[in-house]
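Values reported hereafter were calculated over all heavy atoms of this structure, with side chains retained and with hydrogens, waters and symmetry mates removed.
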Amino acid sequence: MLHNKHTLGKKERLKSRKAIDALFSGGHRFTVSPIRVFYQPTQGTTLKFGVAVSTKLYKKAVDRNRVKRVIRECWRLQKNQLQEKLTGKGAGLDVFFVYTDRELPRYEPIFRTTGIILGKLNERMNG
């Protein structure tokens, strides 16, 4: 099967309201400014990802969508190492990012921040 590694398909998106609520109430969290990260190990081998941007911080949907698009792109390009580790262990993970800065993000700093977050998630999944 030919598989493009840099994807963020429907099966990789965290959409379920139930799963998101469980993540916020019972999951773990940490912050790498300007992103607060919620994560929770799950059954199966899927790495699911979601992102949110506060309406209070960004009144315009255009701005919120741009922030989410930048974050999703950074995640998509860097998630493979974590994905492979989870698949090797037969583990799954739900991850949710909440963007907390009032300034519209530039791509490079978010890319670096996402890399740091993935490193921390990698460490925590080993421990």
Parallel, tilted or perpendicular for Trp75 and Phe49, by the 30°/60° rule? parallel

So if you build clusters from Ile, Leu, Val, Met, Phe, Trp, Tyr with side-chain heavy-atom gaps below 4.5 Å, do [X] and [Y] land together?
X: Leu23; Y: Val37; answer: no
X: Phe111; Y: Ile71; answer: yes
X: Val32; Y: Phe97; answer: yes

Working to the nearest 0.5 Å, report the span between [atom1] of [X] and [atom2] of [Y].
X: Arg112; Y: Ile117; atom1: CZ; atom2: CD1; result: 13.0 Å
X: Arg13; Y: Lys48; atom1: CZ; atom2: NZ; result: 12.0 Å
X: Met125; Y: Leu93; atom1: CE; atom2: CG; result: 5.0 Å
X: Glu84; Y: Lys79; atom1: CD; atom2: NZ; result: 10.0 Å

Stepwise, does the side-chain hydrogen bond (donor to acceptor under 3.5 Å, both in side chains) test hold for Tyr99 with Arg64? CA-CA 10 Å; Tyr99 187 75; Arg64 288 193 303 276; over 6 Å; no

Take Leu121 and Phe30 through the side-chain contact (heavy atoms from CB on, under 4.5 Å) test and state the conclusion after the steps. CA-CA 10 Å; Leu121 285 170; Phe30 62 90; 3.9 Å; yes

Hey, is Glu12 close enough to Arg76 for a salt bridge, meaning N to O under 4.0 Å?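 No, no charged N to carboxylate O under 4.0 Å.
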
[Y] and [X], any side-chain heavy atoms less than 4.5 Å apart:
X: Phe96; Y: Leu14; value: yes
X: Val67; Y: Val51; value: no
X: Lys85; Y: Asn122; value: yes

State, to 0.1 Å, how close [X] and [Y] come at their nearest heavy-atom pair, and which atoms those are.
X: Arg102; Y: Lys56; value: NH1-O, 4.3 Å
X: Ile110; Y: Pro34; value: CD1-CG, 4.2 Å
X: Thr114; Y: Cys74; value: OG1-CB, 3.5 Å
X: Leu77; Y: His6; value: O-CE1, 3.4 Å
X: Thr45; Y: Thr87; value: O-OG1, 4.3 Å
X: Lys68; Y: Val53; value: CG-CG2, 3.5 Å

Please determine whether the number of non-hydrogen atoms from other residues, nucleotides or ligands lying under 6.0 Å from atom CZ of Arg36 exceeds 12.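 It does not: Arg36 CZ has 12 such atoms or fewer within range.
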
Take Thr46 and Lys11 through the test side-chain contact (heavy atoms from CB on, under 4.5 Å) and record every step on the way to the result. CA-CA 8 Å; Thr46 53; Lys11 287 183 172 66; 5.8 Å; no

Taking the side chain from [X] and the backbone from [Y], do they hold a donor-acceptor pair closer than 3.5 Å?
X: Lys15; Y: Ile20; result: no
X: Arg29; Y: Phe24; result: yes
X: Gln40; Y: Val95; result: no

Given the rule in the side-chain contact (heavy atoms from CB on, under 4.5 Å) test, do Thr31 and Ile35 qualify, once you have shown the distances and angles that lead to the verdict? CA-CA 6 Å; Thr31 303; Ile35 296 173; over 6 Å; no

Under the side-chain contact (heavy atoms from CB on, under 4.5 Å) rule, what do Phe38 and Asp94 come out as? Steps first, then yes or no, please. CA-CA 8 Å; Phe38 295 85; Asp94 286 351; over 6 Å; no

Indicate whether the side chain of Arg66 and that of Tyr58 have a donor and an acceptor atom separated by less than 3.5 Å.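 No donor-acceptor contact under 3.5 Å links the two side chains.
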
